[in-house]
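The block underneath contains the structure these notes are about, expressed in structure tokens.
Keep in mind it's a predicted model, so treat the numbers as computed, not measured.
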Amino acid sequence: MSRSPVLLLLLCAVGAAAAAVPRYREAPHFTNSAAARCPPPLPPSDADAACSPRAAVHVAMTLDASYLRGTMAAVLSVLRHASCPESIFFHFVASAAAPGATAGELRATVRASFPSLAFRVYPFADEARVAGLISTSIRGALDRPLNYARSYLASTLPPCVRRIVYLDSDVVLTDDIAALAATTLPGEAAAVAAPEYCGANFTAYFTPGFWASPALSSVFAGRRACYFNTGVMVLDLARWRRAGYTAQIEEWMELQKRVRIYELGSLPPFLLVFAGRIASVDHRWNQHGLGGDNYRGLCRGLHAGAVSLLHWSGKGKPWDRLDAGRPCPLDAVWAKYDLLRPAAGIESS
């Protein structure tokens, strides 16, 4: 029996959606350590558990088809090394307009691989407005509205969530995330904690026109402004809400639409608001740059010192290099957590 063109189109669309999200294998199950005095495990099927006092650590990440493989590996690494994995609540922000998979399909994929994970998926409600504020940068991947979702966590997540660890999708942890989540944010004003890199050329993150304008560059007056990477942060959302930091970030984005003051996506507005005003975190919690630069993505090694988190920031992603048969040496660490490939020796506990 012949099929109508409309039916064929619908069948093709359904097949394309089904093929857009690969089948990830189920992750091992990790239980709370008896020695860690963990709160009781969170119920995996209850999205309201986000407000439960039993949530020992809150983690926020974005969720989309393009970086899903990285997100899955990152979640596995968090659980593998956590002292209280059953007491971690994950908050995933998903695009409503991203191609490749719906939020429901992404949610189902996460649940299939992590049956006992406590998590909730939030639509990025500010996506359309953010799209209108974005200026083109040096790399297209940096211009996706979802890349700016970290600036909107205070309004996206429930008010009961006061402190969160934000993680990019291209990280793996090798240490207990509870230690990072417990970072002290001193005083009443500090809303962000992250590793600072004061040896980096801070002026390079803004245009010569920015530095030539006293009215603009004076924003850093009286501040010891240092570069920090926004892919790993501890955020005090209660302080963020009180100070209205999202509106401050948007003001700089609006100015950028009129006058070119930076080139690098969502990072510079964060630096304009927070550089010199954050609580510092040990560098072990963001061994970044493993994806190389934003142009060629060449292999890079670790910075000197201890390692608690590896971050493939930059153009080169470990899953792409592994699939291409041209991995960098440190990509082998990421491969241990890859749920799209055969198990690599990570066992449940």
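- Side-chain atoms of T246 come within 3.5 Å of backbone N or O of S151 as a donor-acceptor pair.
- For D126 (side chain) and R129 (main-chain N/O), no donor-acceptor pair under 3.5 Å exists by modelled atom type.
- Between the H283 side chain and the E196 main chain, a donor and an acceptor come within less than 3.5 Å of each other.
- Residue R223 qualifies as enclosed at atom CZ: its count of foreign heavy atoms under 6.0 Å is above 12.
- A salt bridge is absent between K317 and D320: the closest approach of a Lys/Arg side-chain nitrogen to an acidic carboxylate oxygen does not fall below 4.0 angstrom.
- Nearest heavy atom pair, residue T184 against residue P186, reads O-CD, 3.4 Å.
- Ring-centre distance between F119 and H91: not below the 6.0 Å cut-off.
- Across L173 and W285, no two heavy atoms sit closer than the pair CD2-CZ3, 4.1 Å.
- Ring-plane geometry between F90 and F92 is classed as parallel, the angle between the planes falling under 30 degrees on a 0 to 90 degree scale with a further cut at 60.
- Remark: side-chain polar atoms of S313 are paired, donor with acceptor, to backbone N or O of G289 under 3.5 angstrom.
- Of the possible polar contacts, none joining the R224 side chain to the R277 backbone as a donor-acceptor pair under 3.5 Å is found.
- Taking the six-membered ring wherever Trp is involved, the centroid distance between the rings of F228 and Y197 does not fall below 6.0 Å.
- Using a cut-off of 4.0 Å between Lys/Arg side-chain N and Asp/Glu carboxylate O, R150 and D168 are scored as salt-bridged.
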query = Could you walk me through whether L117 and V110 pass the side-chain contact (heavy atoms from CB on, under 4.5 Å) check?
reply = CA-CA 9 Å; L117 188 71; V110 173; 4.0 Å; yes
message = Before you tell me yes or no, could you show the steps for E127 and S95 under side-chain hydrogen bond (donor to acceptor under 3.5 Å, both in side chains), namely the whole-Å CA-CA distance, both residues' side-chain angles and the distance that decides it to 0.1 Å?
response = CA-CA 7 Å; E127 186 169 12; S95 169; 2.5 Å; yes
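- A donor-acceptor pair under 3.5 Å is formed between the side chain of R239 and the backbone N or O of A190.
- When W252, Y227, W240 are each tested for a ring-ring contact (aromatic ring centres under 6.0 Å, His included) with F274, only one passes: W240.
- Of all non-hydrogen atoms in L185 and A193, the two that sit nearest each other are CD1-CB, 4.0 Å.
- Between F124 and Y152, a ring centre-to-centre spacing shorter than 6.0 Å is recorded.
- No more than 12 heavy atoms of other residues, nucleotides or ligands lie within 6.0 Å of CZ in R162, so this atom counts as exposed by the packing criterion.
- Exactly one of L157, V57, V59 qualifies for a side-chain contact (heavy atoms from CB on, under 4.5 Å) with I164. That residue is L157.
- Between the side chain of S83 and the backbone N or O of A36, no donor-acceptor pair lies under 3.5 Å.
- Residue H58 comes nearest to A50 through the heavy atom pair CE1-O, 2.9 Å, listed as atom of the first residue, atom of the second, then distance.
- Counting only heavy atoms from C-beta outward, the side chains of M72 and T109 approach each other to under 4.5 Å.
- Here F206 and F220 bring their ring centres to under 6.0 angstrom of each other.
- Just one residue in the list L133, T62, V130 forms a side-chain contact (heavy atoms from CB on, under 4.5 Å) with Y148, and that residue is V130.
- A donor-acceptor pair under 3.5 Å is formed between the side chain of N32 and the backbone N or O of P39.
- Proximity of a side-chain donor or acceptor of R260 to a complementary backbone N or O of Q256 within less than 3.5 Å is not detected.
- Contact annotation: the side chain of L167 approaches that of V78 to within less than 4.5 Å [non-hydrogen atoms, C-beta and beyond].
- With values rounded to the nearest 0.5 angstrom, Y205 atom OH is found 15.0 Å from F270 atom CZ.
- Across all non-hydrogen atoms, the minimal contact from R284 to D175 is NH2-OD2, 3.8 Å.
- Look at D338 and R69 and you find a salt bridge, because one of the NZ, NE, NH1 or NH2 atoms lies within 4.0 Å of a carboxylate O, short of that distance.
- The nearest pair of heavy atoms linking V165 to I177 is CG1-CD1, 4.1 Å.
- The side-chain heavy atoms of I134 and P145, taken from C-beta on, include a pair separated by under 4.5 Å.
- Taking the side chain as every heavy atom from C-beta outward, L216 and L255 approach each other to under 4.5 Å.
- Listed for the R300 side chain is no donor-acceptor partner under 3.5 Å among the backbone atoms of W312.
- L298 and W319 sit in two unconnected hydrophobic clusters of ILVMFWY residues. Membership requires side-chain heavy atoms under 4.5 Å apart, directly or through other members.
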